[in-house]
Number of protein chains: 2
Amino acid sequence: MGASKTEHFTDKQNEIASLVKALAHPARIAIMEYLLKVDTCICGDIVNELPLAQPTVSQHLKELKTAGIIKGTIEGNAICYCLDEKVLAKLQTYFGNITSKLEKRKNNCC
Amino acid sequence: MGASKTEHFTDKQNEIASLVKALAHPARIAIMEYLLKVDTCICGDIVNELPLAQPTVSQHLKELKTAGIIKGTIEGNAICYCLDEKVLAKLQTYFGNITSKLEKRKNNCC
DNA sequence: TTTTAATATTGCAATATTACGATAAACAAA
DNA sequence: TTTGTTTATCGTAATATTGCAATATTAAAA
(Lines give C-alpha, C1' and ligand atoms only; values in the text may rest on other atoms or scores of the structure.)
Protein backbone atom coordinates (compact mmCIF):
# COMPACT_ATOMS: atom_id res chain seq x y z
CA MET A 1 0.00 0.00 0.00
CA GLY A 2 1.35 3.39 0.89
CA ALA A 3 -0.72 5.29 -1.65
CA SER A 4 -3.52 7.50 -0.40
CA LYS A 5 -7.03 6.47 -1.38
CA THR A 6 -7.89 9.87 -2.82
CA GLU A 7 -10.80 8.54 -4.86
CA HIS A 8 -12.89 8.08 -1.74
CA PHE A 9 -12.79 11.72 -0.73
CA THR A 10 -14.35 14.85 -2.19
CA ASP A 11 -12.51 17.03 -4.69
CA LYS A 12 -12.40 19.83 -2.17
CA GLN A 13 -10.92 17.57 0.50
CA ASN A 14 -8.28 16.33 -1.91
CA GLU A 15 -7.52 19.86 -3.05
CA ILE A 16 -7.01 21.19 0.47
CA ALA A 17 -5.00 18.13 1.48
CA SER A 18 -2.75 18.56 -1.53
CA LEU A 19 -2.18 22.29 -0.91
CA VAL A 20 -1.46 21.63 2.72
CA LYS A 21 0.81 18.74 1.86
CA ALA A 22 2.92 21.04 -0.29
CA LEU A 23 3.62 23.05 2.86
CA ALA A 24 4.11 20.05 5.12
CA HIS A 25 7.87 20.46 5.38
CA PRO A 26 9.88 23.12 7.23
CA ALA A 27 12.01 23.81 4.16
CA ARG A 28 8.93 24.64 2.11
CA ILE A 29 7.53 26.78 4.92
CA ALA A 30 10.90 28.56 4.98
CA ILE A 31 10.79 29.11 1.22
CA MET A 32 7.30 30.59 1.46
CA GLU A 33 8.35 32.85 4.33
CA TYR A 34 11.42 33.98 2.46
CA LEU A 35 9.41 34.86 -0.63
CA LEU A 36 7.09 36.79 1.66
CA LYS A 37 9.91 38.58 3.46
CA VAL A 38 11.78 39.84 0.43
CA ASP A 39 8.49 41.41 -0.63
CA THR A 40 9.00 40.85 -4.31
CA CYS A 41 9.75 38.12 -6.76
CA ILE A 42 13.18 36.82 -6.18
CA CYS A 43 15.47 35.72 -8.93
CA GLY A 44 18.24 33.56 -7.72
CA ASP A 45 19.30 33.40 -4.16
CA ILE A 46 16.79 30.93 -2.79
CA VAL A 47 19.36 28.17 -2.64
CA ASN A 48 21.73 30.32 -0.56
CA GLU A 49 18.96 31.03 1.92
CA LEU A 50 18.39 27.41 2.81
CA PRO A 51 20.56 24.93 4.70
CA LEU A 52 20.08 22.31 2.03
CA ALA A 53 21.90 21.28 -1.12
CA GLN A 54 20.87 22.78 -4.42
CA PRO A 55 19.15 19.67 -5.83
CA THR A 56 17.13 19.36 -2.65
CA VAL A 57 15.99 22.97 -2.80
CA SER A 58 15.14 22.56 -6.46
CA GLN A 59 12.98 19.59 -5.56
CA HIS A 60 11.13 21.50 -2.85
CA LEU A 61 10.56 24.39 -5.25
CA LYS A 62 9.16 21.97 -7.78
CA GLU A 63 6.68 20.62 -5.25
CA LEU A 64 5.54 24.11 -4.34
CA LYS A 65 5.20 24.94 -8.02
CA THR A 66 3.27 21.78 -8.84
CA ALA A 67 0.86 22.48 -6.00
CA GLY A 68 0.42 26.02 -7.28
CA ILE A 69 1.75 27.77 -4.18
CA ILE A 70 4.51 29.50 -6.11
CA LYS A 71 4.97 30.59 -9.70
CA GLY A 72 8.30 30.68 -11.50
CA THR A 73 9.12 32.62 -14.62
CA ILE A 74 12.38 32.37 -16.50
CA GLU A 75 14.41 35.56 -16.29
CA GLY A 76 17.61 35.25 -18.26
CA ASN A 77 19.52 32.34 -16.83
CA ALA A 78 17.90 32.72 -13.44
CA ILE A 79 14.31 31.97 -12.45
CA CYS A 80 12.02 34.47 -10.82
CA TYR A 81 9.86 32.96 -8.11
CA CYS A 82 6.90 34.40 -6.28
CA LEU A 83 3.93 33.34 -4.20
CA ASP A 84 0.50 32.84 -5.75
CA GLU A 85 -1.80 35.08 -3.75
CA LYS A 86 -4.97 33.31 -4.91
CA VAL A 87 -3.90 29.89 -3.76
CA LEU A 88 -2.76 31.12 -0.36
CA ALA A 89 -6.02 33.02 0.01
CA LYS A 90 -7.78 29.71 -0.51
CA LEU A 91 -6.02 28.28 2.53
CA GLN A 92 -6.73 31.36 4.58
CA THR A 93 -10.42 31.15 3.73
CA TYR A 94 -10.50 27.47 4.54
CA PHE A 95 -8.96 27.83 8.00
CA GLY A 96 -10.93 31.00 8.57
CA ASN A 97 -14.18 29.10 8.04
CA ILE A 98 -13.08 26.36 10.38
CA THR A 99 -12.18 28.62 13.26
CA SER A 100 -15.25 30.80 12.82
CA LYS A 101 -17.45 27.72 13.02
CA LEU A 102 -15.56 26.58 16.09
CA GLU A 103 -15.91 29.96 17.77
CA LYS A 104 -19.66 30.06 17.21
CA ARG A 105 -20.23 26.83 19.05
CA LYS A 106 -19.66 27.32 22.71
CA ASN A 107 -20.37 23.80 23.87
CA ASN A 108 -16.80 22.87 24.47
CA CYS A 109 -17.41 19.45 25.91
CA CYS A 110 -13.81 18.25 25.76
CA MET B 1 18.04 9.81 3.62
CA GLY B 2 14.32 10.39 4.05
CA ALA B 3 14.41 12.24 7.35
CA SER B 4 13.70 15.94 7.36
CA LYS B 5 16.50 18.18 8.59
CA THR B 6 14.30 19.91 11.14
CA GLU B 7 17.26 21.15 13.17
CA HIS B 8 18.13 23.69 10.50
CA PHE B 9 14.82 25.51 10.68
CA THR B 10 13.23 27.72 13.29
CA ASP B 11 10.93 26.34 15.98
CA LYS B 12 8.04 28.25 14.49
CA GLN B 13 8.71 26.85 11.03
CA ASN B 14 8.88 23.33 12.40
CA GLU B 15 5.73 23.86 14.42
CA ILE B 16 3.70 25.11 11.47
CA ALA B 17 5.10 22.41 9.20
CA SER B 18 4.16 19.76 11.71
CA LEU B 19 0.62 21.07 12.20
CA VAL B 20 0.14 21.34 8.48
CA LYS B 21 1.60 17.89 7.95
CA ALA B 22 -0.99 16.42 10.29
CA LEU B 23 -3.63 17.69 7.86
CA ALA B 24 -1.78 16.68 4.71
CA HIS B 25 -4.04 13.75 3.95
CA PRO B 26 -7.63 13.78 2.66
CA ALA B 27 -8.71 11.34 5.36
CA ARG B 28 -7.49 13.65 8.09
CA ILE B 29 -9.14 16.64 6.40
CA ALA B 30 -12.33 14.56 6.28
CA ILE B 31 -12.03 13.72 9.98
CA MET B 32 -11.60 17.39 10.85
CA GLU B 33 -14.57 18.38 8.70
CA TYR B 34 -16.71 15.67 10.23
CA LEU B 35 -15.87 16.80 13.76
CA LEU B 36 -16.78 20.30 12.65
CA LYS B 37 -20.02 19.24 11.00
CA VAL B 38 -21.47 17.28 13.89
CA ASP B 39 -20.96 20.43 15.96
CA THR B 40 -20.05 18.59 19.15
CA CYS B 41 -17.66 16.04 20.44
CA ILE B 42 -18.38 12.73 18.86
CA CYS B 43 -18.05 9.45 20.67
CA GLY B 44 -17.81 6.54 18.35
CA ASP B 45 -18.88 6.69 14.77
CA ILE B 46 -15.80 8.20 13.17
CA VAL B 47 -14.78 4.86 11.70
CA ASN B 48 -18.16 4.44 10.01
CA GLU B 49 -17.86 7.88 8.44
CA LEU B 50 -14.69 7.07 6.57
CA PRO B 51 -14.02 4.75 3.64
CA LEU B 52 -11.07 3.20 5.41
CA ALA B 53 -10.52 0.21 7.67
CA GLN B 54 -10.66 0.70 11.42
CA PRO B 55 -6.90 0.37 12.07
CA THR B 56 -6.21 2.94 9.37
CA VAL B 57 -8.68 5.41 10.85
CA SER B 58 -7.22 4.81 14.29
CA GLN B 59 -3.79 5.62 12.92
CA HIS B 60 -5.00 8.86 11.31
CA LEU B 61 -6.71 9.85 14.57
CA LYS B 62 -3.47 9.22 16.40
CA GLU B 63 -1.57 11.52 14.07
CA LEU B 64 -4.14 14.27 14.53
CA LYS B 65 -3.98 13.77 18.29
CA THR B 66 -0.18 13.78 18.40
CA ALA B 67 -0.11 17.01 16.43
CA GLY B 68 -2.66 18.50 18.81
CA ILE B 69 -5.38 19.11 16.23
CA ILE B 70 -7.86 16.91 18.07
CA LYS B 71 -8.34 15.90 21.66
CA GLY B 72 -9.73 12.54 22.75
CA THR B 73 -11.20 11.71 26.11
CA ILE B 74 -12.26 8.25 27.23
CA GLU B 75 -16.01 7.95 27.67
CA GLY B 76 -16.97 4.49 28.84
CA ASN B 77 -15.71 2.08 26.24
CA ALA B 78 -15.87 4.69 23.50
CA ILE B 79 -13.65 7.72 22.97
CA CYS B 80 -14.93 11.24 22.67
CA TYR B 81 -13.09 13.25 20.03
CA CYS B 82 -13.17 16.95 19.32
CA LEU B 83 -11.17 19.68 17.61
CA ASP B 84 -8.76 21.86 19.52
CA GLU B 85 -9.88 25.39 18.77
CA LYS B 86 -6.59 26.96 19.87
CA VAL B 87 -4.44 24.92 17.53
CA LEU B 88 -6.67 25.55 14.55
CA ALA B 89 -6.72 29.25 15.40
CA LYS B 90 -2.94 29.15 15.16
CA LEU B 91 -3.18 27.97 11.57
CA GLN B 92 -5.80 30.55 10.74
CA THR B 93 -3.64 33.33 12.15
CA TYR B 94 -0.62 32.05 10.26
CA PHE B 95 -2.33 31.98 6.88
CA GLY B 96 -4.13 35.20 7.68
CA ASN B 97 -0.82 36.96 8.19
CA ILE B 98 0.53 35.56 4.96
CA THR B 99 -2.36 36.69 2.82
CA SER B 100 -2.60 40.08 4.46
CA LYS B 101 1.07 40.69 3.73
CA LEU B 102 0.54 39.55 0.16
CA GLU B 103 -2.45 41.82 -0.29
CA LYS B 104 -0.58 44.88 0.93
CA ARG B 105 2.12 44.53 -1.65
CA LYS B 106 0.71 45.38 -5.03
CA ASN B 107 3.84 44.86 -7.08
CA ASN B 108 2.77 41.60 -8.60
CA CYS B 109 5.74 41.15 -10.89
CA CYS B 110 5.00 37.53 -11.82
C1' DT C 1 33.44 29.66 -28.88
C1' DT C 2 34.59 28.81 -24.25
C1' DT C 3 33.63 29.66 -19.69
C1' DT C 4 30.77 30.59 -15.92
C1' DA C 5 26.50 30.72 -13.33
C1' DA C 6 21.86 29.13 -12.28
C1' DT C 7 18.63 25.63 -12.21
C1' DA C 8 16.86 20.93 -13.35
C1' DT C 9 17.17 15.98 -13.72
C1' DT C 10 18.81 11.39 -12.69
C1' DG C 11 19.89 7.82 -9.67
C1' DC C 12 20.11 6.03 -5.38
C1' DA C 13 20.04 5.22 -0.26
C1' DA C 14 17.64 6.09 4.00
C1' DT C 15 13.51 6.79 6.06
C1' DA C 16 8.47 7.81 6.41
C1' DT C 17 3.72 7.10 5.20
C1' DT C 18 -0.37 4.55 4.07
C1' DA C 19 -3.25 0.71 4.48
C1' DC C 20 -5.02 -3.32 6.51
C1' DG C 21 -5.38 -8.19 8.64
C1' DA C 22 -4.70 -10.15 12.95
C1' DT C 23 -4.78 -9.51 17.50
C1' DA C 24 -4.94 -7.21 21.96
C1' DA C 25 -6.97 -4.28 25.45
C1' DA C 26 -10.67 -2.04 27.86
C1' DC C 27 -15.01 -1.91 29.30
C1' DA C 28 -20.17 -2.34 29.20
C1' DA C 29 -23.89 -5.52 29.10
C1' DA C 30 -25.96 -9.93 29.50
C1' DT D 1 -18.03 -14.72 33.93
C1' DT D 2 -18.90 -14.59 29.21
C1' DT D 3 -20.04 -11.91 25.30
C1' DG D 4 -20.03 -8.06 22.41
C1' DT D 5 -18.39 -3.40 21.22
C1' DT D 6 -14.96 -0.05 20.63
C1' DT D 7 -10.48 1.41 20.03
C1' DA D 8 -5.38 0.53 19.91
C1' DT D 9 -1.32 -1.94 18.58
C1' DC D 10 1.59 -5.11 15.92
C1' DG D 11 3.37 -6.72 11.81
C1' DT D 12 4.00 -6.20 7.16
C1' DA D 13 3.65 -4.88 2.21
C1' DA D 14 3.40 -1.15 -1.05
C1' DT D 15 4.51 3.31 -1.99
C1' DA D 16 6.17 8.11 -1.09
C1' DT D 17 9.40 11.44 0.67
C1' DT D 18 13.83 13.40 1.71
C1' DG D 19 18.45 14.41 0.63
C1' DC D 20 22.41 14.68 -2.14
C1' DA D 21 26.28 13.56 -5.56
C1' DA D 22 26.77 13.47 -10.26
C1' DT D 23 25.40 15.20 -14.32
C1' DA D 24 22.65 17.76 -17.69
C1' DT D 25 20.65 21.96 -19.39
C1' DT D 26 20.30 26.72 -20.34
C1' DA D 27 21.72 31.15 -21.11
C1' DA D 28 24.61 35.06 -19.97
C1' DA D 29 29.40 36.68 -20.05
C1' DA D 30 34.07 36.67 -21.48
Side-chain angles (χ1 to χ4, degrees), chain A residues 1-9 13-14 17-31 34-35 41-67 69-82 110, chain B residues 1-9 13-14 17-31 34-35 41-67 69-82 110:
Chain A
M1 312 270 155
S4 298
K5 295 189 137 189
T6 56
E7 69 276 15
H8 294 312
F9 302 98
Q13 284 167 344
N14 282 313
S18 132
L19 282 181
V20 143
K21 188 176 184 177
L23 293 171
H25 190 289
R28 297 196 290 271
I29 292 286
I31 290 172
Y34 180 64
L35 287 176
C41 298
I42 202 70
C43 307
D45 51 356
I46 289 186
V47 169
N48 304 322
E49 279 297 312
L50 291 178
L52 294 170
Q54 179 269 324
T56 310
V57 174
S58 185
Q59 197 174 285
H60 284 304
L61 286 168
K62 191 180 179 183
E63 273 173 77
L64 287 169
K65 207 155 77 177
T66 302
I69 309 255
I70 65 175
K71 289 178 286 185
T73 50
I74 298 168
E75 193 88 3
N77 68 341
I79 291 189
C80 192
Y81 283 112
C82 61
C110 287
Chain B
M1 313 268 154
S4 298
K5 294 190 138 190
T6 57
E7 69 276 14
H8 294 311
F9 301 98
Q13 284 167 345
N14 282 313
S18 130
L19 282 181
V20 142
K21 188 175 183 177
L23 292 171
H25 191 289
R28 297 196 290 270
I29 291 287
I31 289 172
Y34 180 64
L35 287 176
C41 298
I42 203 68
C43 307
D45 51 356
I46 289 187
V47 169
N48 304 321
E49 277 298 311
L50 291 179
L52 294 169
Q54 180 269 324
T56 309
V57 174
S58 185
Q59 198 173 284
H60 283 305
L61 286 168
K62 191 181 179 182
E63 274 174 75
L64 287 170
K65 207 155 78 179
T66 301
I69 308 258
I70 65 175
K71 289 178 288 188
T73 50
I74 298 168
E75 193 89 3
N77 68 339
I79 290 189
C80 193
Y81 284 112
C82 62
C110 289

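Naming: A, B, ... by sequence-line order, numbering from 1 per chain.
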Novice: Closest to the Lys65(A) side chain: dA8(D), dT17(D), dA8(C)?
Specialist: dA8(C)
Novice: What's the CD1-P distance between Ile46(B) and dT7(D), to the nearest Å?
Specialist: 8 Å
Novice: Sequence neighbours excluded, which residues qualify as side-chain hydrogen bond (donor to acceptor under 3.5 Å, both in side chains) partners of Gln59(A)?
Specialist: none
Novice: Could you check whether Gln59(A) gets within reach of a base, just the sugar-phosphate, or nothing at all, counting any heavy atom under 4.0 Å?
Specialist: base
Novice: Any chance you could list the contact pattern along nucleotides 21-30 of chain D? Use B for base contacts, S for sugar-phosphate-only contacts and - for none, protein heavy atoms under 4.0 Å, 5' to 3'.
Specialist: BB----SS--
Novice: From the options dG19(D), dT9(D), dA8(C), select the nucleotide whose nearest atom is closest to the side chain of Lys62(B).
Specialist: dT9(D)
Novice: Whole angstroms only, please: what is the NE2-P distance between His60(A) and dA16(D)?
Specialist: 18 Å
Novice: Can you pull out every salt bridge (Lys or Arg N to Asp or Glu O under 4.0 Å) where at least one residue sits in residues 17-29 of chain A? Sequence neighbours excluded, please.
Specialist: Arg28(A)-Glu63(A)
Novice: In sequence, state the C-alpha distance, the side-chain angles, and the governing distance for Leu64(B) and His60(B), and then conclude on side-chain contact (heavy atoms from CB on, under 4.5 Å).
Specialist: CA-CA 6 Å; Leu64(B) 287 170; His60(B) 283 305; 5.5 Å; no
Novice: In a table with atom names and distances, give each donor-acceptor pair under 3.5 Å that connects a side chain of residues 47-54 of chain A to protein atoms at least two apart or in another chain.
Specialist:
none

Novice: In terms of the nearest nucleotide of DNA chain C, which residue is placed more toward the 5' end: Glu63(B) or Leu61(A)?
Specialist: Leu61(A)
Novice: In chain order, what residues pass the side-chain contact (heavy atoms from CB on, under 4.5 Å) check against Lys65(A), with sequence neighbours excluded?
Specialist: Ile70(A), Tyr81(A)
Novice: Expressed in angstrom and rounded to an integer, what is the separation of Glu49(A) atom CD from dA6(C) atom C1'?
Specialist: 16 Å
Novice: Would you say His25(A) reaches dG19(D)'s phosphate, i.e. side-chain N/O to OP1/OP2 under 4.0 Å?
Specialist: yes
Novice: Identify, between Ser58(B) and Thr6(B), the residue whose nearest nucleotide on DNA chain D lies closer to the 5' end.
Specialist: Ser58(B)
Novice: Rounded to whole angstrom units, what separation is found between the CD1 atom of Ile79(A) and the C1' atom of dT9(C)?
Specialist: 13 Å
Novice: Of the candidate nucleotides dA8(C), dC20(C), dG19(D), which contains the atom at the shortest distance from the side chain of Tyr81(A)?
Specialist: dA8(C)
Novice: In whole angstrom, what separates Leu64(A)'s CG from dA8(C)'s P?
Specialist: 12 Å
Novice: OP1 or OP2 of dC20(D) less than 4.0 angstrom from a side-chain nitrogen or oxygen of Thr56(A), does that happen here?
Specialist: yes
Novice: For Lys21(A) and Leu52(A), find the nucleotide of DNA chain D closest to each by heavy atoms; which residue's nucleotide sits nearer the 5' end?
Specialist: Lys21(A)
Novice: Evaluate the side-chain contact (heavy atoms from CB on, under 4.5 Å) criterion for residues Ile79(A) and Leu61(A): first the C-alpha distance (whole Å), next the side-chain angles of each, then the deciding distance (0.1 Å), finally the verdict.
Specialist: CA-CA 11 Å; Ile79(A) 291 189; Leu61(A) 286 168; over 6 Å; no
Novice: Evaluate Ile31(B) against Ile69(B) for side-chain contact (heavy atoms from CB on, under 4.5 Å), listing each step before the verdict.
Specialist: CA-CA 11 Å; Ile31(B) 289 172; Ile69(B) 308 258; over 6 Å; no
